[in-house]
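Everything below concerns the one structure shown next.
Remember, predicted model here, so these are calculated numbers, not experimental data. Side-chain atoms are counted along with the backbone in the values below, which use heavy atoms only and exclude waters and symmetry mates.
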Amino acid sequence: MPVISSNVNPQFKSLRLLTSSSRERRRASSMVLDGPHLLTCYLARHGTPALVAVSEDALDRPEIAELLGRCATARVLLFSATLFSQLAT
């Protein structure tokens, strides 16, 4: 899976807009879940999300690997650690 490391990447720009703007989330009928616990709760209640964004340095964590396995049908975006930190809500 390729690592997105450029802040001009359209997928990054779109996700950054969603994380920073409640108006944009309402317009897109989307929500942003930040962290493994919220993703675990979402999986239990609603099933697989449409999109999962993850930092490349988190891939080594067993908890993250397990969650990604449970999100097998989701679109996964892998970001560099530096870029991912810019998405934190």
Side-chain angles (χ1 to χ4, degrees):
M1 169 179 345
V3 178
I4 298 169
S5 58
S6 171
N7 64 357
V8 296
N9 179 287
Q11 295 168 326
F12 171 76
K13 290 170 116 178
S14 175
L15 198 53
R16 184 173 57 188
L17 186 59
L18 284 174
T19 62
S20 65
S21 170
S22 60
R23 177 179 289 163
E24 184 62 23
R25 289 190 299 274
R26 280 192 303 275
R27 188 195 67 71
S29 297
S30 296
M31 70 175 92
V32 176
L33 305 172
D34 189 359
H37 173 72
L38 293 176
L39 179 55
T40 300
C41 292
Y42 185 90
L43 285 164
R45 182 148 175 114
H46 302 286
T48 304
L51 173 72
V52 176
V54 64
S55 173
E56 67 178 332
D57 62 348
L59 291 178
D60 295 334
R61 294 176 43 198
E63 175 186 30
I64 301 301
E66 187 268 331
L67 283 171
L68 288 175
R70 292 175 58 193
C71 295
T73 60
R75 188 168 140 233
V76 177
L77 297 178
L78 183 60
F79 291 97
S80 68
T82 303
L83 214 53
F84 191 79
S85 68
Q86 295 176 36
L87 295 174
T89 57

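Within the 4.5 Å cutoff, the side chain of Leu39 has no heavy atoms near those of the Arg70 side chain. Leu68 places a side-chain heavy atom less than 4.5 Å from the side chain of Leu59. Taking the side chain as every heavy atom from C-beta outward, Phe84 and Ile4 never approach each other to under 4.5 Å. At least one side-chain heavy atom of Cys71 sits under 4.5 Å from a side-chain heavy atom of Leu43.
Minimum heavy-atom separation, Ala58 to Ile64: O-CB, 3.4 Å. Across Val52 and Pro49, no two heavy atoms sit closer than the pair CG2-CG, 3.7 Å. Nearest heavy atoms, Glu56 versus Ser80: OE2-CA, 3.5 Å.
Once rounded to the nearest 0.5 Å, the distance linking CZ of Arg27 with CG of Leu18 reads 8.0 Å. Note that CG of Leu17 is 11.0 Å distant from CZ of Arg23, once rounded to the nearest 0.5 Å. The structure places CZ of Arg25 at 9.5 Å from OG of Ser30, a figure rounded to the nearest 0.5 Å. Rounding to the nearest 0.5 Å places NE2 of His37 at 11.5 Å from CG of Leu67. In this structure, the separation between CD on Gln86 and OG on Ser20 is 11.5 Å, given to the nearest 0.5 Å. Within the model, atoms CZ of Phe12 and CG of Leu87 stand 5.0 Å from one another, a figure rounded to the nearest 0.5 Å.
Listed by first then second residue, pairs satisfying side-chain hydrogen bond (donor to acceptor under 3.5 Å, both in side chains) with a partner in residues 1-13 number zero, not counting sequence neighbours.
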